[in-house]
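Residue indices begin at 1 and follow the sequence shown.
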Amino acid sequence: QVHLLESGGGSVQAGGSLRLSCAVSGGDASMMNLLGWFRQDPEKAREGGASILTVGRTYVADSVKGRFTISHDFSKSTLYLQMNSLIPEDTATYYCAAARTHDMAPNSDSPLRPSTYTYWGHGTQVTVSS
């Protein structure tokens, strides 16, 4: 089993920043080699934001490229999402997710697909006001 606990959400004005954290724990946590951040607005499908293979390769959705940065601290078993230059369209519930997978090519879109992932956190709300 793998447990994921997100934190760091909140309300911010457009142009502001937030850093989300996701604590990864459980007996199978060390087997997970793909970690990702997704978001979902109640009226939309869940979409990938950014993901990272534990070997270091990252994948970032075009909608957040240049504004969001994903990172992973092995020593703390924690995944981060630094979000800068936030806009109202970033308002959503943000989820972290984990998977055990084969290596993926740099141009693969699988790391940003929800169906790739096995374990999910309960989410943290981010609200950006204009």
Non-hydrogen side-chain atoms of Y119 and C96 separated by less than 4.5 Å: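 They are not in side-chain contact.
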Any side-chain heavy-atom pair of Y59 and L53 under 4.5 Å: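 Y59 vs L53: side chains touch.
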Heavy-atom pair of closest approach, residues L81 and A50: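 Heavy-atom minimum between the residues: CD1-CB, 4.2 Å.
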Over all atoms of both residues, closest heavy-atom pair of V12 and G16: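 What the structure gives for the nearest pair is CG2-CA, 3.8 Å.
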Cluster overlap Y94 with V60, hydrophobic side-chain contacts below 4.5 Å: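 In one cluster with Y94: V60, yes.
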Between W37 and Y80, ring centroids under 6.0 Å: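 Here the rings of Y80 and W37 have centres that are no less than 6.0 Å from each other.
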Candidate pair L18 and V126, rule side chain to side chain contact (heavy atoms under 4.5 Å, CB included), full reasoning: CA-CA 9 Å; L18 284 173; V126 171; 3.9 Å; yes
Euclidean distance, T124 OG1 relative to L5 CG, rounded to 0.5 Å: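 Interatomic distance, L5 CG to T124 OG1, rounded to 0.5 Å: 9.0 Å.
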Side-chain donor-acceptor contact under 3.5 Å, T93 with Q125: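 Yes, a side-chain donor-acceptor pair sits under 3.5 Å.
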Exercise: do N84 and S17 side chains pair donor with acceptor under 3.5 Å: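 Present: a donor and an acceptor within the cut-off.
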T78 side chain vs A23 backbone, donor-acceptor pair below 3.5 Å: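 Flag not set: sc T78 to bb A23 has no pair under 3.5 Å.
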Charged N-O contact under 4.0 Å between R100 and D28: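 Result for this pair is no, no salt bridge flagged.
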